[in-house]
2 protein chains.
Amino acid sequence: MTGQTGPQQAGRSGGRSTRQRRAVVAELDATDQFRSAQDIHEALRRNGDPVGLATVYRALQTLVDAGEVDIVKTDDGEAVYRQCNPTHHHHLVCRNCGNTVEVTGPTVERWTERVAAEHGFHDVSHTLELFGLCPDCAVREEPGAAT
Amino acid sequence: MTGQTGPQQAGRSGGRSTRQRRAVVAELDATDQFRSAQDIHEALRRNGDPVGLATVYRALQTLVDAGEVDIVKTDDGEAVYRQCNPTHHHHLVCRNCGNTVEVTGPTVERWTERVAAEHGFHDVSHTLELFGLCPDCAVREEPGAAT
DNA sequence: GTAAGTGCAAACGGTTTGCAGCCTC
DNA sequence: GAGGCTGCAAACCGTTTGCACTTAC
C-alpha cells in the first residue's frame with residue numbers, strides 16, 4: 001500500500017479498487033452534471049491521471065451495474081453518466097448549455113404505474129427526460145427568434 | 001400493385017415523389033409498430049421493392065423533418081420510426097416482444113409544463129417511454145424467475 | 001500466485017456522407 | 001433541361017472486445 005485513501009472500501013464499488021477505477025469515481029464525484037465517457041476520459045488525462053478509454057467504459061459499466069451510477073442516453077445516442085442519487089428522479093436539461101436540474105415527479109410515477117397496470121404490463125420502468133432552454137439561454141435565443 | 005394512391009400528394013411528403021420514397025411511406029403505413037430503418041430496408045427488399053439503406057435513412061429523415069413520422073431512440077441506441085399520429089402521446093413497449101401500446105397522458109403533459117415553468121425553462125419538450133413486460137410475456141417469464 | 005483489471009487497437013453496429021448516374025418535375 | 005434523388009461503399013462515432021501484460025488481494 002502506498003498511502004492513497006486506503007483499500008478498504010473496495011467491495012461496494014463493484015470490483016477491485018484500482019487507481020483507474022478510483023479516478024473515474026472521483027471524476028463523477030466532482031460534479032453533479034452528466035458526463036460522457038469520452039468527456040471523463042479526457043478530463044482524467046488532463047488531470048494527469050490517464051486512464052484508457054476502454055477502461056473508462058468498463059469502469060462506468062461496472063458502476064452502473066452496481067447501481068452507483070446513473071446512465072442516460074442523450075438524443076445523440078451518446079451515453080452520459082452521473083453519480084447515482086438514491087432517490088428516483090428525472091432531469092430537466094438545457095439543450096443549449098447542458099445545465100441540468102433534477103426534478104422528482106410523484107405525479108408521474110403514479111401515472112406510469114397506473115397506465116402500466118391498466119394494460120396488464122409488469123415490471124415496468126420508464127425513461128423521462130425534459131429538454132428545453134434554461135432561463136439564461138432562453139433570453140439569448142429570444143431576440144432573433146422567429147416562428 | 002402499381003396503382004397505389006396516385007402521385008398527386010407529393011408536396012406534403014417533404015420531397016419529390018419517387019418510387020423509393022413511396023415505398024418507405026407505404027411500409028410505415030402498413031403497421032402501427034415502430035420500425036427501425038434497417039428493418040424497413042429489409043422488408044422493402046423482401047417485398048420486391050428494393051431501396052438502398054442510405055436512401056431509407058434519407059427518406060425517413062425527410063419525413064421526420066416534415067413532421068409526418070415519429071422517431072424514438074431505443075435503449076440500444078437504435079432509432080425506430082413510425083407514422084406520426086397527430087395527437088401527442090407516449091408508448092408502453094414490451095421489452096420482450098416489442099408490442100407497443102399508445103398511451104396519452106394529459107397528467108404528464110401538465111406536469112412537465114408546470115415543472116419546466118417552475119424552473120424558468122422555455123421551449124420544453126419531453127421524452128417519455130415506458131418499458132415493461134406485456135401480459136403474455138409476463139406469464140412466460142414468471143415461472144423460472146429468480147433474483 | 002491467481003484472477004481481475006488495464007491498455008491498445010481493431011472490430012462493431014447504426015447512421016451519415018461523397019460522388020457519379022438516374023429520374024421527377 | 002436542371003436539380004433533387006438514389007445507390008454504393010467508405011467514413012464516422014460512440015462503444016465493445018480480444019489479447020497480452022500489470023496489479024490488487
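In what follows, chains carry the letters A, B, and so on, assigned in the order in which the sequence lines appear, proteins first and then strands, with residues in each chain numbered from 1.
Toward the 5′ end of DNA chain C lies the nearest nucleotide of Ala37(B), the other residue of the pair Ala37(B) and Arg19(B) mapping further downstream.
To the nearest angstrom, C1' of dC22(C) lies 14 Å from CZ of Arg21(B). One interatomic measurement links the two molecules: CG of Leu60(A) to C1' of dT15(D), which rounds to 11 Å at whole-angstrom precision. Atom CG of Asp76(A) is separated from atom C1' of dG14(C) by 14 Å (rounded to the nearest Å).
Near DNA chain D, defined here as any heavy-atom distance below 4.0 Å, the residues from residues 39-58 of chain B are Pro50(B), Val51(B), Gly52(B), Ala54(B), Thr55(B), Arg58(B), listed numerically.
Taking only side-chain atoms of Gln20(A), from C-beta outward, the nucleotide of dT6(D), dG7(C), dG5(C) with the closest atom is dG7(C).
Residue Ala79(B) is classed as a sugar-phosphate contact, given heavy-atom separations below 4.0 Å to backbone atoms only.
Judged as a salt bridge (charged side-chain N to carboxylate O under 4.0 Å, His left out), the pairs with a partner in residues 49-59 of chain A (not counting sequence neighbours) are, in order, Arg19(A)-Asp49(A).
Inter-residue side-chain proximity for Thr74(B) and Phe34(B) is flagged as unmet; no heavy-atom pair is nearer than 4.5 Å.
The terminal axes of the helix from dG1(C)-dC25(D) to dC25(C)-dG1(D), fitted over 5 pairs per end, subtend an angle of 30° to the nearest 10°.
For the salt bridge (charged side-chain N to carboxylate O under 4.0 Å, His left out) test, no residue two or more places apart in sequence or in another chain qualifies with Arg110(A). With sequence neighbours excluded, the residues satisfying side-chain contact (heavy atoms from CB on, under 4.5 Å) with Glu109(B) are His88(B), His90(B), His126(B).
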Using the 3.5 Å cut-off, write out each protein N or O paired with an N or O of nucleotides 11-13 of chain D and the distance between them.
none

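By the neighbour-count criterion of 12 heavy atoms within 6.0 Å, atom CZ of Arg114(A) is densely surrounded, having more than that number from other residues, nucleotides or ligands.
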